[in-house]
J.: 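Just passing along the structure, written as structure tokens.
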Amino acid sequence: MEIFFTILILTLAVSLSGVAARIIPFQIPLPLVQIGMGALLAWPTFGLHVDFDPNLFLVLFIPPLLFADGWKTPTSEFLHHGREIIGLALVLVLITVVGIGYMIYWLVPGIPLIPAFALAAVLSPTDAVALSGIVGEGRISKKIMTILQGEALMNDASGLVSLKFAIAVAMGTMVFTVTGASLEFLKVALGGLLAGIIICWLYGKSLRLFSRWSGDDPATQTVLLLLLPFASYLIAEHIGVSGILAAVAAGMTISRSGIIRQAPLAMRLRANSVWQMLEFVFNGMVFLMLGLQLPEILEVSLRAAEADPNVELWVLFVSIATIYFALMLVRFGWLWSMRAISRRALKKRPMEFSTYSTRELLIATFAGVRGAITLAGVLSIPLMLANGNDFPARYELVFLATGVILFSLLVGVVVLPLLLHGTEGVDKTVHRREVQTARAVMASSAIESLYKMEERLNDDSEENIDPDLLKEVSSRVIGNLRRRVEGKDDLERSQYAENLERRFRLSALRAERAELYHLRATQQISNETMVRLQHDLDLLETLLSEKEE
């Protein structure tokens, strides 16, 4: 019963965190609000305590978060910027693990070399969701944000795979050699990607079978989709390859393969809304868990620092700032190097970085905030080694990772708005014009198909349709589509007309809904009729609301 109440409290806290972030008069990133709420719940007055299992935390939170990131990533843009993303998500991660790992080993007394590599590995992933919480949607230009999102997806995987290697060496289940580690990395990485693709393909086949057997039941199909990231992760881990990369590959495959596009409409609508909710809840849960652990982390760190003559607490706090700025220095240095390499050696096909100004390099550097995956990774470090001893310096690893996450968010809140001041974000006018042009082309195609349909119905003797009625209906539909085509050249007038039409339709829709409730209240219709008509009205209102955005 206690576990049930804890889950309810955490879910409520995640829900209220979004409201709290909007109520607070000054801008605070949502992750910081959630961490604060978690720390408040852990305060002795409330006394909420969660028994923490690192293995369960890893399996519960990481697969769905990585799957959701993979699903949202546009595959064509990801492949277009493949060189830039690999440079940041693979090469920079390896530089960070080795360089920052050695620095932590030399800087912080009491942390052995392999745990130092483990800490550097969890600090290498960046968080695009936390970044959006700091600067808002559309503030960073598309040419930077597209690469940052692709990097955040892939360095989650590469950083966590590196962490697993470090833990395996520390646990004594693997002996480290450069050649052996490289071959093992290729095996688990390629195997994980292949496993994710195959499992997603099998899911697509099973979805068609279930649709055939059970009809278009969206509930069953959505539950199967929810199980997909966990199935990908667990099956891949069971056969000895990377479950992390399997979850990423499954997410990217499902967006590329057409599985969702070919799924029934009801399932698509439900799946998208369910995943948006789950992503928000899981991200929030991770930061809440950090807040819940924060008082204990500080208390254990204080006690350990007092008991260990080699460790002083002020050294740990200084180390947090030092590690963060070292991460930023390494990141900026690598971005600058890639720009220089692109300008000198890749003149025929330069990378996107070749056009970056120094200011844009700095934006891309400080945009590398740390977030949910870093936290999930460090909290997944085992409590004990295989021989029963405590994992070396685990409390210091968790303390330093927590500090770097908080410090990166705070620095991002201050520095990024200053760097972005006066810069152009995403040009919404270009996006609106692109949408308008696409709708006009689609409408032209639709008009052509309607003329053919009208001719076919006129010639079909079996239909026996009144020609005047046929002309009236087709003219009404074609006239609505033709307004889209004509609005292609006058964007402002077209948008005003659409907005006016939307307002009229919403007004009519709300009147219909009020009358529907009245009909049910006066028992003129059954509850089943009301539910069906209400669903239709909800779909229409959703469509109109999306047009407004």
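Values below: all heavy atoms of this structure, side chains included; hydrogens, waters and symmetry mates excluded.
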J.: Kindly give the heavy-atom pair with the smallest separation between S380 and G377, and that separation in Å.
T.: OG-O, 2.6 Å

J.: Show your working on side chain to side chain contact (heavy atoms under 4.5 Å, CB included) between M252 and I197 and close with a plain yes or no.
T.: CA-CA 9 Å; M252 294 190 74; I197 292 168; over 6 Å; no

J.: Would you say the side chain of L88 lies within less than 4.5 Å of the side chain of I147, judging by non-hydrogen atoms?
T.: yes

J.: State whether the side chain of S158 and the backbone N or O of A89 hold a donor-acceptor pair below 3.5 Å, judged by distance alone.
T.: yes

J.: Going through the distances and angles, do S141 and I144 end up as a side chain to side chain contact (heavy atoms under 4.5 Å, CB included)?
T.: CA-CA 6 Å; S141 65; I144 298 177; 3.6 Å; yes

J.: To the nearest 0.5 angstrom, please state how far the CG atom of D536 sits from the CG atom of L516.
T.: 10.0 Å

J.: Are any of the side-chain heavy atoms of V188 and F165 separated by less than 4.5 Å?
T.: yes

J.: Does the side chain of P392 reach to within under 4.5 Å of the side chain of I111, using non-hydrogen atoms?
T.: no

J.: F117 and G101: which non-hydrogen atoms are nearest, and at how many Å?
T.: CD2-CA, 3.7 Å

J.: If you take all heavy atoms of F407 and I320, which pair is closest and at what distance?
T.: CB-CG2, 4.2 Å

J.: Backbone N or O of A364 within a donor-acceptor pair of the R331 side chain at under 3.5 Å?
T.: yes

J.: Using the rule given for salt bridge (Lys or Arg N to Asp or Glu O under 4.0 Å), can you reason through E512 versus R505, listing the C-alpha separation, both sets of side-chain angles and the distance that settles it, and then say yes or no?
T.: CA-CA 10 Å; E512 285 187 276; R505 288 185 181 276; over 6 Å; no

J.: Look up atom CD1 in I381 and atom CG in L397, then write down how far apart they are to the nearest 0.5 Å.
T.: 5.0 Å

J.: Any idea how F366 and Y324 line up, ring-wise: parallel (<30°), tilted (30 to 60°), or perpendicular (>60°)?
T.: tilted

J.: Do the non-hydrogen side-chain atoms of M103 and I323 ever get within less than 4.5 Å of each other?
T.: yes

J.: Which pair of heavy atoms, one from A13 and one from L41, lies closest together, and at what distance?
T.: CB-CD1, 4.0 Å

J.: Output the distance between atom OG1 (T365) and atom CG (L335), rounded to the nearest 0.5 Å.
T.: 5.0 Å

J.: List for me each residue that meets ring-ring contact (aromatic ring centres under 6.0 Å, His included) alongside Y356, sequence neighbours excluded, and say none if there are none.
T.: F353

J.: Okay, side chain of S507, backbone of R503: is any donor-acceptor separation there less than 3.5 Å?
T.: no

J.: Would you call I254 and L225 a side-chain contact if the rule is heavy atoms closer than 4.5 Å?
T.: yes

J.: Can you confirm whether Y203 sits close enough to L227 that some side-chain heavy atom of one is under 4.5 Å from a side-chain heavy atom of the other?
T.: no

J.: Can you check whether R370's main-chain N or O pairs, donor with acceptor, with S408's side chain at less than 3.5 Å?
T.: yes

J.: Output, in order, the C-alpha distance, side-chain angles, deciding distance and verdict of side chain to side chain contact (heavy atoms under 4.5 Å, CB included) for L30 and F280.
T.: CA-CA 11 Å; L30 183 59; F280 174 75; 3.8 Å; yes

J.: Would L228 and L224 count as a side chain to side chain contact (heavy atoms under 4.5 Å, CB included) here? Give the steps.
T.: CA-CA 6 Å; L228 179 57; L224 283 172; over 6 Å; no

J.: Quick one: does L288's side chain get under 4.5 Å of V14's, heavy atoms only?
T.: yes

J.: Inspect the surroundings of CZ in R359 and state if more than 12 heavy atoms from other residues, nucleotides or ligands are less than 6.0 Å away.
T.: yes

J.: Do the side chains of L400 and S319 get nearer than 4.5 Å, heavy atoms only?
T.: yes

J.: How long is the straight-line distance from CE of M145 back to CD1 of I363, given to the nearest 0.5 Å?
T.: 12.0 Å

J.: Heavy atoms only: give me the nearest L163-V122 pair and the separation to one decimal.
T.: CD2-CG1, 3.4 Å

J.: Return the orientation label for the F67 and W275 ring planes: parallel under 30°, perpendicular over 60°, tilted otherwise.
T.: tilted

J.: Hey, could you give me the CG/OG distance between L10 and S17, rounded to the nearest 0.5 Å?
T.: 11.5 Å

J.: Quick one: closest heavy-atom pair of N155 and A152, and the distance?
T.: OD1-O, 3.1 Å

J.: Do we see a donor-acceptor contact under 3.5 Å between the side chains of D127 and T374?
T.: no

J.: Rounded at 0.5 Å granularity, tell me how far CG in L123 sits from CD1 in I405.
T.: 7.5 Å

J.: Would you say the rings of F332 and F325 are close, in the sense that their centroids are separated by under 6.0 Å?
T.: no

